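Since we're looking at a predicted model, the values are computed, not measured.
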Amino acid sequence: MGAEQSTPLNFEVGALKVDENNSPYFQMGPDTLRVPMELHKEARENLGRAVRDSAEDYTMNSYMYLQAAGDNQKYDTDQNYVVFRQDSYFNWLFGSKEPGLSGAVNCDTGESILFIPRQVESVWSGPIKSPDWYVRHYGVNECFYTDQITTVLNEKRCSNLYLLEGMNRFSYVSTSAPIFEGIEKFSLDKTTLYPLAVAGRVRKTDKELDVIRYVTKVTSEGHRRVMLAAKAGMMEYQAMSIFTYYCYMYGGCREVGYIPICPSGDRTKILHYGGQSAPNDKQIQDGDLCLFDMGGEYHCYLTDITTTFPVNGTFTQVQRTTYEMVLDTVHAVVNRIRPGFTWREARIVCYRALLRNLVEQGLLVGSVDDLYDAKLHRIFMPHGIGHFIGGDVHDVGGNASLWCWSDAEAKDVDWYNPDLEWCPLEKNMVLTIEPGCYYNDVLLDPALADPTQGKLMVKSEIDKYRGIGGVRIEEVFIVTADGCEIISDVPRTVTEIEEYMKNPPPHDIPFLDAF
């Protein structure tokens, strides 16, 4: 018998496909969301239009130029320490899944070009995708190799290159302008593109909203599965693993949007628990509250939901009181959200609503005005009220919280986001609202000892709550024409949570019963 012919690897069976109309799309599996590459074409056209309308001395035949992310290599080894995740700006404009690419877009015509590194086929990485494959599967006009960038742009008679350079005003981490051999031969603009790209990412298109709705639905279902699975005696990381399993197995979310925050008991007062110093490693005890802050990611769009629930299915009185104070605070803000409402107004509504609840439950005394002026909301809720959602969990358009404590630094500022603070909300913006109430000795004890704050605090009542840790509730919402739409969907009231955990619906995770 002669040797059998090897069958070429069929890339069409992967997540990047082309339909019967030759329209490319991304879809992880048959039951997951189909994301048309038209989403990214719209983003390119919208950003190109913004550059033409906003740039000083704009010249015809100018191009935007961006570079994709590179591999994440593990220290000095030859291994990548995490699954590759595309740069959020590059994904927004091109939707590509590979590292080392770059892209150019003609601001006048929307013509798009991908540049790919030259590679050699090997037993390690398999067949190499051709430039034609990239054109077909990402819906760009042309594709060349990265060593051809200068030649191609010269042939296109590029008059000016707009480069992405600027500081993320939420993280204070800067993006440096991309470079390539021969870039000095072009007229370069490093100031125009970044703020326009930020503004473009803040205002979501209908196709982007479809992806965010989908990943929020998957995340909501993942949270529900964790509520069914969590039991006393389980480790926090085991409960977390139910979420990551569900989102990947049933939602096609290969990665989560951030390190899951899964504290239980007294650790629920640690805001960003779950990282290197506290890696979700406590055993959950009977009577503990679980505060699980987790979000899935699909096609580099993600979400952020927090649930708080008693592991045994029944709230104690102090747990119930705290939970209902926070839920009432959520409602106070959500009921005010509408186009034109500023985040500063939302922030003040949130903090004042929490203070009102603390007075009504006897933990504080005095008027809400006096309590707000004394900054007692900072003692019980030492964080901001929410953030944009999209290509990053703290999506662009906001500023890092200013952790100010002294009067000189603080003044009227409460962890505010300068970019977001005065920004009137607009239709199709997507944000979270995440009030919390925590009983943290590190904050409570100095406040009780402070002559201004201490006289407004009722220590005997506060001491009854110290052991429970804290409560946070985080909803995801889309600003609509006349209000907002909550798209997170999990049991929220005390009655809903207790009923859901007491009479769980049929589930689809076969090993849950093992717990």
Side-chain angles (χ1 to χ4, degrees), residues 36-68 87-95 102-114 138-142 152-153 156-170 174-178 183 186-209 301 339-340 342-343 388 390-392 395-399 417-431 478-481:
M37 288 296 151
E38 186 73 19
L39 179 157
H40 307 290
K41 181 180 179 182
E42 288 181 2
R44 294 192 295 267
E45 291 175 347
N46 291 339
L47 185 57
R49 185 182 308 111
V51 171
R52 295 198 312 270
D53 294 344
S54 303
E56 294 183 11
D57 302 321
Y58 178 79
T59 57
M60 296 288 290
N61 215 38
S62 292
Y63 281 76
M64 302 178 284
Y65 178 80
L66 297 87
Q67 285 181 339
D87 170 77
S88 297
Y89 287 102
F90 202 85
N91 181 77
W92 176 53
L93 293 178
F94 294 99
S102 59
V105 181
N106 186 300
C107 297
D108 300 304
T109 66
E111 173 194 21
S112 54
I113 309 167
L114 276 178
Y138 288 123
V140 294
N141 296 97
E142 296 178 286
V152 170
L153 292 178
K156 300 286 184 184
R157 302 193 178 203
C158 170
S159 63
N160 190 34
L161 276 181
Y162 290 96
L163 306 179
L164 191 72
E165 179 171 284
M167 183 178 67
N168 183 324
R169 288 176 58 84
F170 206 107
S174 294
T175 295
S176 298
I183 194 172
F186 299 92
S187 174
L188 306 178
D189 182 313
K190 298 182 181 181
T191 60
T192 298
L193 188 58
Y194 190 87
L196 296 176
V198 168
R201 283 178 56 185
V202 167
R203 300 167 181 86
K204 306 300 190 287
T205 65
D206 289 342
K207 291 183 177 64
E208 289 182 291
L209 291 179
Y301 284 87
T342 68
W343 204 239
F388 285 119
D392 293 301
D395 208 19
V396 290
N399 195 331
N417 302 339
D419 286 353
L420 177 56
E421 179 80 350
W422 300 105
C423 172
L425 299 181
E426 298 179 30
K427 182 182 177 183
N428 286 10
M429 288 181 173
V430 186
L431 302 98
I478 300 170
V479 181
T480 62

- Can Leu66 and Leu93 be said to form a side-chain contact (heavy atoms from CB on, under 4.5 Å), step by step? CA-CA 9 Å; Leu66 297 87; Leu93 293 178; 3.6 Å; yes
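- Side chain of Asp395 to backbone of Asp392: a donor-acceptor contact under 3.5 angstrom is found.
- Heavy atoms of other residues, nucleotides or ligands lying less than 6.0 angstrom from CE of Met60 number 12 at most.
- Leu39 has its side chain within reach of Glu208: a pair of non-hydrogen atoms, C-beta onward, lies under 4.5 Å apart.
- In this structure, Glu45 CD and Arg49 CZ are separated by 7.0 Å, a value rounded to the nearest 0.5 Å.
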- Would you sort out whether Leu196 and Ser54 count as a side-chain contact (heavy atoms from CB on, under 4.5 Å), showing the intermediate values? CA-CA 9 Å; Leu196 296 176; Ser54 303; 3.8 Å; yes
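- Smallest separation of non-hydrogen atoms from Arg201 and Ser88: NH2-CB, 3.5 Å.
- The two residues Gly110 and Val105 make their nearest non-hydrogen contact at O-CG1, 4.1 Å.
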- Message: Go through it in stages, so that I can follow the logic: the residues are Leu163 and Ile183, the test is side-chain contact (heavy atoms from CB on, under 4.5 Å), and I'd like the CA-CA distance, side-chain angles, deciding distance and then a yes or no.
- Response: CA-CA 11 Å; Leu163 306 179; Ile183 194 172; 4.0 Å; yes
- Message: The test is side-chain hydrogen bond (donor to acceptor under 3.5 Å, both in side chains); show your working for Tyr58 and Asp108 and say whether it passes.
- Response: CA-CA 11 Å; Tyr58 178 79; Asp108 300 304; 2.9 Å; yes
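- Taking all atoms of both residues into account, the shortest heavy-atom contact from Glu165 to Ala177 is OE1-N, 2.9 Å.
- Under the ring-ring contact (aromatic ring centres under 6.0 Å, His included) criterion, Phe94 pairs with Phe90, sequence neighbours left out.
- Checked by atom type and distance alone, the side chain of Asn428 pairs as donor or acceptor with a backbone atom of Lys204 at under 3.5 Å.
- Side-chain N or O atoms of Arg52 include one that pairs as donor or acceptor with a backbone N or O of Cys107 at under 3.5 Å.
- Here Glu38 does not pair with Lys207 in a salt bridge; the nearest charged N to carboxylate O distance is not below 4.0 Å.
- Within the 3.5 Å criterion, the main-chain N or O of Thr59 finds no donor-acceptor partner in the side chain of Asp57.
- By the ring-ring contact (aromatic ring centres under 6.0 Å, His included) test, Tyr194 pairs with Tyr89, sequence neighbours left out.
- Distance alone, capped at 3.5 Å, places no donor-acceptor pair between the Asn61 side chain and the Ser159 backbone.
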